[in-house]
Amino acid sequence: IMTLLVIDGLDHIAREQKPVRSLLNELPQPESLPEGVLLILGSQTLQLADFPSRIRSQLEQTGRTLNMRPLPRQAVAAIIAASRLPVQLSSAQQETVYQLVNGHPLTLRYLLERLRNTREEEIDAVLKSSVPYHENIEESYRVYWEQLENNEELKNLLALLARLRGPFNPKEWLGRMGEPAIKELLQHARHYFREETKTRWHFFHNSFRQFILGQTRRDLFGDKDTAKDKEYHHRLAEFASSSKTSWAWEELYHRAQAEEWETVLRLGTQQYFRDQFMLLRPAAAIFEDINLCLDAACKQYDGLAIIRALLIEKELIDRKECIDSSEVNLPRVLLELHGVDKALHFIMDGNQLRIAAKDALDFAALLIKKGELRAAESVFNAAEPLDLLNGSTAIAHHRGDRDTLNSWIKISHYFRPLDDLLKIIEQLRADTHFMQRHVDTASWHRRFKKNILRKLAYALFESNDEDKLA
């Protein structure tokens with residue numbers, strides 16, 4: 001049996017996370033890996049700080065690295081077709097798209113989103129003004145940023161949005177920044193964001209957010225200026241303090257990022273966090289802010305504040321355990337009472353789930369019934385049980401794997417091509433370790449897969465999806 005360990009994004013560690021001790025220092029030496037174990041590393045470059053010299057030396061040998069090839073013309077055409085743009089591109093326009101993106105998937109996505117919000121008669125002009133991709137996405141970002149040289153309103157807005165902890169509501173920012181800034185965002189930067197709903201946007205790719213952070217924490221001479229970071233966070237804290245929505249809870253985070261420690265401790269009271277819990281703010285987000293209070297207490301050498309924060313945390317942990325042991329479907333309650341955005345904030349932290357995968361898939365099914373397909377797709381993508389679907393983990397009944405798989409199969413056809421679903425079902429693997437030796441496991445696997453196929457067929461009939469039923 002061959003075991004593959006895949007670690008991707010090594011180049012992001014120093015650039016985005018800036019840890020005290022890098023994960024790169026913890027990578028095992030080549031000679032320490034046992035036979036049958038392969039470690040596959042993903043990075044845009046081998047010139048990484050803290051990269052063990054023995055690993056770099058081995059990867060520099062012939063045949064030890066693979067370069068990702070650009071998307072071929074056929075793949076670009078298929079993605080254009082699958083994107084379902086409001087206007088169908090001509091053959092010449094599709095060829096121009098292919099030449100512009102040079103086979104780079106992220107650049108293709110940005111360009112397609114830009115075209116999605118472009119009128120038919122303006123498509124050629126947009127394509128003509130687009131900058132071709134050359135080897136590095138940051139180069140494309142830099143060209144874009146230089147085009148905004150005199151657009152201070154949009155640059156200022158992007159600087160603030162890049163420092164938010166999660167999604168934002170562009171309509172709320174209309175009141176904070178004014179119509180001209182939001183108009184510039186819609187006209188010149190909309191394609192850099194994912195629009196889950198009309199009032200829930202976030203950066204499509206973290207690389208652009210990190211680029212904005214890097215550009216907006218420099219002074220006029222191009223040198224890093226930490227004071228600018230604090231200034232932006234102070235402005236965000238002021239915005240949050242005057243907010244009439246749940247976004248007001250973000251004030252404490254931005255006060256901490258601005259290193260306004262006394263204000264952090266003044267805000268972080270028992271009643272402050274208890275009110276948030278009662279209003280169904282996600283417990284994980286509350287605990288994160290309590291940790292910021294602990295940091296502030298340490299900075300201020302305030303032992304009493306440390307004890308207070310620990311007691312607040314203990315109370316909320318106990319309350320959370322009581323709710324978890326109940327059968328209340330909080331995501332559904334929030335959806336019915338407060339709408340999609342509130343419910344999504346409860347179950348999602350960026351692209352990560354705050355609830356169990358099965359519960360998230362069931363909630364995605366509810367969103368589909370409500371007609372919120374885009375929001376449902378975001379939840380579905382985060383909740384897919386990939387370890388079960390790729391066959392690497394056997395599907396066991398006692399862990400609840402089958403329940404999760406059943407919830408997935410009911411809605412999978414909304415977001416995955418039928419051919420792909422059939423391939424996935426074929427590679428599913430049921431747990432048979434509990435079976436007696438005389439039982440034919442091969443026939444057991446066949447029955448298991450037929451049962452899953454039957455459930456997919458039932459789901460298709462219930463959805464009345466005429467294209468797939470045909």
Side-chain angles (χ1 to χ4, degrees), residues 280 282-284 320-336 340 343-349 351-370 372-373 375-418 420-436 439-465 468:
L280 299 181
K320 182 177 183 299
E321 288 177 351
C322 290
I323 290 180
D324 289 345
S325 63
S326 69
E327 296 183 359
V328 178
N329 188 336
L330 289 179
R332 180 163 195 159
V333 170
L334 286 169
L335 178 64
E336 299 295 347
V340 176
L344 285 177
H345 182 67
F346 182 82
I347 70 169
M348 301 277 288
D349 180 11
N351 292 324
Q352 304 296 316
L353 290 178
R354 286 182 166 131
I355 62 176
K358 182 192 181 304
D359 296 335
L361 290 167
D362 291 341
F363 182 70
L366 180 60
L367 288 174
I368 292 170
K369 290 181 180 178
K370 298 282 187 180
E372 299 286 351
L373 280 176
E377 184 175 14
S378 295
V379 177
F380 178 84
N381 288 337
E384 268 197 306
L386 299 179
D387 57 328
L388 303 179
L389 302 180
N390 62 23
S392 62
T393 300
I395 298 165
H397 184 73
H398 66 277
R399 290 197 307 260
D401 293 348
R402 292 200 179 189
D403 292 337
T404 302
L405 185 63
N406 289 338
S407 295
W408 174 83
I409 201 68
K410 288 178 183 177
I411 60 173
S412 58
H413 60 91
Y414 286 99
F415 312 112
R416 300 289 179 263
L418 192 55
D420 290 352
L421 294 180
L422 296 177
K423 292 177 183 177
I424 289 173
I425 292 173
E426 185 57 35
Q427 66 191 18
L428 293 176
R429 190 164 58 90
D431 184 7
T432 57
H433 80 276
F434 63 90
M435 300 174 64
Q436 297 180 4
V439 176
D440 183 2
T441 57
S443 63
W444 174 269
H445 281 296
R446 286 194 295 271
R447 288 197 302 272
F448 169 73
K449 293 175 182 178
K450 284 183 180 179
N451 184 43
I452 299 299
L453 280 171
R454 191 178 299 113
K455 290 180 179 180
L456 174 60
Y458 289 155
L460 284 169
F461 279 115
E462 290 179 1
S463 71
N464 294 319
D465 190 332
K468 289 179 179 175

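Note that the structure is a prediction, hence the values are computed from the model and not measured. We count residues from 1, following the sequence as given.
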Check each of Leu456, Asn451, Leu361 against Ile409 using the side chain to side chain contact (heavy atoms under 4.5 Å, CB included) test, and report the only one that passes. Leu456
Does the plane of the ring in Phe380 sit parallel, tilted or perpendicular to the ring in Trp408? Use 30° and 60° as the thresholds. parallel
Between [atom1] on residue [X] and [atom2] on residue [Y], distance to nearest 0.5 Å:
{"X": "Ile424", "Y": "Ser412", "atom1": "CD1", "atom2": "OG", "answer": "7.5 Å"}
{"X": "Ile411", "Y": "Ser463", "atom1": "CD1", "atom2": "OG", "answer": "12.0 Å"}
{"X": "Ile355", "Y": "Met348", "atom1": "CD1", "atom2": "CE", "answer": "9.5 Å"}

Looking only at heavy atoms, which two atoms of [X] and [Y] are closest? And how far apart?
{"X": "Thr404", "Y": "Ala357", "value": "CG2-CB, 4.3 Å"}
{"X": "Asp362", "Y": "Ser407", "value": "OD1-OG, 2.8 Å"}
{"X": "Ala364", "Y": "Ala376", "value": "O-CB, 3.6 Å"}

Indicate yes or no for a side-chain donor-acceptor contact from Glu372 to the backbone of Val340 under 3.5 Å, with no hydrogens or angles considered. no
Look at the side chain of Arg429 and the backbone N and O of Leu388, then say whether any donor-acceptor pair between them is shorter than 3.5 Å. no
Between Leu453 and Leu422, does the side-chain contact (heavy atoms from CB on, under 4.5 Å) criterion hold? Intermediate values first, please. CA-CA 8 Å; Leu453 280 171; Leu422 296 177; 3.6 Å; yes
If you look only at pairs with a residue in residues 375-396, which of them pass as a salt bridge (charged side-chain N to carboxylate O under 4.0 Å, His left out), with sequence neighbours excluded? Glu384-Arg416
Quick one: list whatever passes side-chain contact (heavy atoms from CB on, under 4.5 Å) with Glu321, sequence neighbours left out. Ile317, Asp318
Across all chains, not counting sequence neighbours, the side-chain contact (heavy atoms from CB on, under 4.5 Å) partners of Lys449 are Ile425, Glu426
